[in-house]
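Report on one structure; see the data block that follows.
Counting from 1, the numbers follow the sequence of the chain as shown. Not measured: the values here are computed from a predicted model.
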Amino acid sequence: MTDTPTIAAAGRRERTGWYFYDWANSAFSTTVITVFLGPFLTTVTELAAGCAIDADDCEGTVRPFGIPVAAGSYYAYLVSLSVLLTVFVLPVMGAIADRAPRKKPLLAGAAFTGAAATIGIGFVTGDRYLLGGLLFLIANISFGAAIVVYNSFLPQLAGPDERDKISSRGWAIGYLGGGVLLLLNLVAVTMLAEDGNPQRTLDLARWSIVSAGVWWAAFTLVPLLWLKEHPGAQASEVQRGNVLTDGFKQLGHTIKAMRAYPLTLFFLGAYLIYNDGIQTVIALASQFGTEELKLDQSTLIVTILIVQFLAFGGALLLGALATRIGARKTILLSLALWLVVVTAAYWLPEGEPLPFMLLGAGIGLVMGGSQALSRSLFSQLIPEGREGEYYGFYEISDKGTSWLGPLFFGLIFQLTNSYRAGIISLMIFFVVGGVLLAFVPLRRAITAVGNTPPRLL
């Protein structure tokens, strides 16, 4: 199959606009998910459980809707719950995106809803852990819904041999944007924090989260202005109909049709497993550093800054490596390095910032490439005109919305009261996912959906 005219028409301005949504939403991924929200919401939950704000250890329990939950497990369970909800939302959003004559309003609606919920965390004070949990669920689901629409633009911006490069650039620019805002928050926390005043630290974390919502909303305007609409064949079918209703109907058809592409499903299964491990490490790293290693907030932010800025180069580096050895081999190499990461995390000494920062440097070098190349590789396995629908299923386990890993981590903690046991248990996701990926016959899978395979896989 040859490239479509829409691919040939995509110019530098349009691709730059696409990159900028990664710049916009990475503030939520980095400032909110990776650094501030886990420790912030855990502290708020501990307050609701009757623990002191500066307690070194708390085994208190809260009872949301009568269900007993350890305060330390609340955030992990929320991450898992958000994904269970996205199972119903994201594939429908993808089906709607494929059938809507215009995608950009969908991107705007999801992004601005998520940004508003993030800004709303400014009202989570005292022991309002339920309000914080609700706003997080709205923000995280909206984040995933917007990514579905955003990813569906990728096949329209680049041909098969260019997608690894384009996808890697998007991830790299996203890491840079997330790092810039986090750097600003680091300056604010360092300058405004007061020794012996944990409430001040909690307030600074809350307003740092709010700043991510503002950043997300403001920079979303760039892709909305620069991206072009590329309605597919399905869009013309529903211009006179009800897009939402047709989206639900098409979801059922897509689930049935995916059975015709078992190799695409095989790849998706492998991705969901190993990405669960990646996303769990990202989502719970700050909680691990705070609760298990007893590191302060400034150390965590500096470490994540190291991750972000090294990930900018790492994404470009692994993207370049993929042009020499192929995307799959590069991803498998990154998964082997993830095994080294979680093993090293288990042995990190308590209260020592430098080893934690060095571990962060290793994460930065492999994180962006493994995710960017997975996204571009999956784009090769999607039937033309079904990008949104398939990326809806793909996004269920992307960028902090995995469910099995956080659930597994939370259960291990509740059983052992050890974050170290939880982190080392994640090795199974990288091993199983990597083995499955190695056995996917990619060239045959790409041909089966009617696409032209790239030169290297």
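Judged as a salt bridge (Lys or Arg N to Asp or Glu O under 4.0 Å), the pairs with a partner in residues 197-225 (not counting sequence neighbours) are, in order, E194-R200, D203-R206. Residue pairs meeting the side chain to side chain donor-acceptor pair (under 3.5 Å) criterion with at least one member in residues 304-327, sequence neighbours excluded: T30-Q308. Applying the salt bridge (Lys or Arg N to Asp or Glu O under 4.0 Å) test to every pair with at least one member in residues 405-421, sequence neighbours left out, gives these pairs: E292-R420.
When the side-chain contact (heavy atoms from CB on, under 4.5 Å) test is applied to L358, the partners found at least two apart in sequence or on another chain are L354. With sequence neighbours excluded, the residues forming a side-chain contact (heavy atoms from CB on, under 4.5 Å) with L436 are F266, A270, I273, V432, listed by chain and number. Take S374 and apply the side chain to side chain donor-acceptor pair (under 3.5 Å) test, not counting sequence neighbours, and it matches Y274. In this structure V180 satisfies the side-chain contact (heavy atoms from CB on, under 4.5 Å) test together with W23, W215, sequence neighbours excluded. T42 meets the side-chain contact (heavy atoms from CB on, under 4.5 Å) test with E46, Y75, Q287, E291; sequence neighbours excluded. With sequence neighbours excluded, no residue satisfies side chain to side chain donor-acceptor pair (under 3.5 Å) with S142. Checked against side chain to side chain donor-acceptor pair (under 3.5 Å), T118 has no partners two or more places apart in sequence or in another chain. Remark: F430 pairs with W338 by the ring pair (Phe, Tyr, Trp, His ring centres under 6.0 Å) rule, at least two apart or across chains.
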_Test log, rule side-chain hydrogen bond (donor to acceptor under 3.5 Å, both in side chains), inputs Y19 and W171_ = CA-CA 8 Å; Y19 298 150; W171 278 98; over 6 Å; no

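No more than 12 heavy atoms of other residues, nucleotides or ligands sit less than 6.0 Å from atom CD1 of I428. The environment of K104 atom NZ is dense: over 12 non-hydrogen atoms of other residues, nucleotides or ligands sit within 6.0 angstrom.
Looking at heavy atoms from C-beta onward, I412 lies out of side-chain contact with F409 at the 4.5 angstrom threshold. With contacts defined as side-chain heavy-atom distances shorter than 4.5 Å, the pair V281/F429 does not qualify. Within the 4.5 Å cutoff, no side-chain heavy atoms of L442 are placed close to those of P453. Contact check for L37 versus F28: no side-chain heavy atoms found under the 4.5 Å cut-off. The shortest side-chain heavy-atom distance between I363 and V307 falls under the 4.5 Å cut-off. Two residues are said to be in side-chain contact when any heavy atoms from C-beta on lie closer than 4.5 Å; E387 and L154 fail this criterion.
Here the CG-CG distance, from L377 to L437, works out to 7.0 Å after rounding to the nearest 0.5 Å. Note that CG of L202 is 5.0 Å distant from CZ of F40, once rounded to the nearest 0.5 Å. Rounding to the nearest 0.5 Å gives a distance of 5.5 Å between CG of L157 and CD of E14. Distance CD1/I141 to CE/M93: 11.5 Å, rounded to 0.5 Å. With values rounded to the nearest 0.5 angstrom, T190 atom OG1 is found 10.5 Å from N185 atom CG. Considering CZ of R328 and CG of L373, their distance stands at 13.0 Å, rounded to 0.5 Å.
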Show me, pair by pair, the donor-acceptor contacts under 3.5 angstrom made by side chains of residues 120-137, not counting sequence neighbours?
from : atom 1 : to   : atom 2 : distance (Å)
R128 : NH1    : F123 : O      : 2.9

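Taking the ring centroids of Y391 and Y150, they lie at or beyond the 6.0 Å cut-off. Between W18 and F153, the ring center distance fails the sub-6.0 Å criterion.
R15 and E162 are joined by a salt bridge, as a carboxylate oxygen and a charged side-chain nitrogen come within less than 4.0 angstrom of each other.
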